[in-house]
Amino acid sequence: MTNSDTWHILSPKQLVSNGYTVFEVRHGSQPKFVMSALVSYIRRAVQYIKQNANDFKVDSNRIGFWGSSVSGHLSLLIGLSPEITIPDNEKNGNKNDVSVDAIVVFAAPSDLLKMLTDNPKELEKRPVLRMKKKQE
């Protein structure tokens, strides 16, 4: 975060100073963490926030994502597919509500197929982009 008061209007500092509550969910990265683990981790964080909204004094129906780069990609992926369940979640008695009401994204990769066809060497550098013929 910069010390400038004129940084970006959607910086966490600016959001808080304008009355928003900010939960910063820090995810891991490749190669230590695989994408599916990152997605589950963030889904669980959203679920935790929604389940404890009264304690945090926030409205569980007014939650949004903000992110750039990989965080933006994860924001889009999770925010646009809330119906995907969290593994072992219901078995533990939890609801699968990870829906959000807003998604703000900066400089996030969103068309991975185009990224690969325009830059074939990306596949060599980023094994996370390799897809199996059959998805699990």
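Basis for what follows: all heavy atoms, side chains included, without hydrogens, waters or symmetry-related copies.
- At least one side-chain heavy atom of Tyr41 sits under 4.5 Å from a side-chain heavy atom of Val25.
- For Leu77, the side chain to side chain contact (heavy atoms under 4.5 Å, CB included) partners two or more places apart in sequence, or in a different chain, are Val39.
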Could you walk me through whether Val104 and Phe65 satisfy the side-chain contact (heavy atoms from CB on, under 4.5 Å) test, starting with their C-alpha distance in whole Å, then the side-chain angles of each, then the deciding distance to 0.1 Å, before giving a yes or no? CA-CA 6 Å; Val104 179; Phe65 280 132; over 6 Å; no

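- When all heavy atoms are compared, the tightest approach of Ser75 to Val105 is CB-CG2, 4.3 Å.
- Distance CG/Asn18 to NZ/Lys13: 12.0 Å, rounded to 0.5 Å.
- The backbone N or O of Asn61 lies less than 3.5 Å from no partner atom in the side chain of Lys50, so there is not a single donor-acceptor pair.
- For the atom pair OG of Ser71 and CD1 of Ile42, the computed distance is 6.5 Å after rounding to the nearest 0.5 Å.
- To the nearest 0.5 Å, atoms CD1 (Ile103) and CG (Leu74) are separated by 11.5 Å.
- Counting heavy-atom neighbours within 6.0 Å of Phe56 CZ, excluding the residue itself, gives a total above 12.
- Under the rule for a ring pair (Phe, Tyr, Trp, His ring centres under 6.0 Å), Tyr20 has no partner lying at least two apart in sequence or in another chain.
- Every residue was checked against the side chain to side chain donor-acceptor pair (under 3.5 Å) condition with Thr21, not counting sequence neighbours, and none meets it.
- Between the CD1 atom in Ile63 and the CD1 atom in Ile49 there is a gap of 6.0 Å [rounded to 0.5 Å].
- Note that the CG atom of Asn52 and the NZ atom of Lys57 stand 12.0 Å from one another [nearest 0.5 Å].
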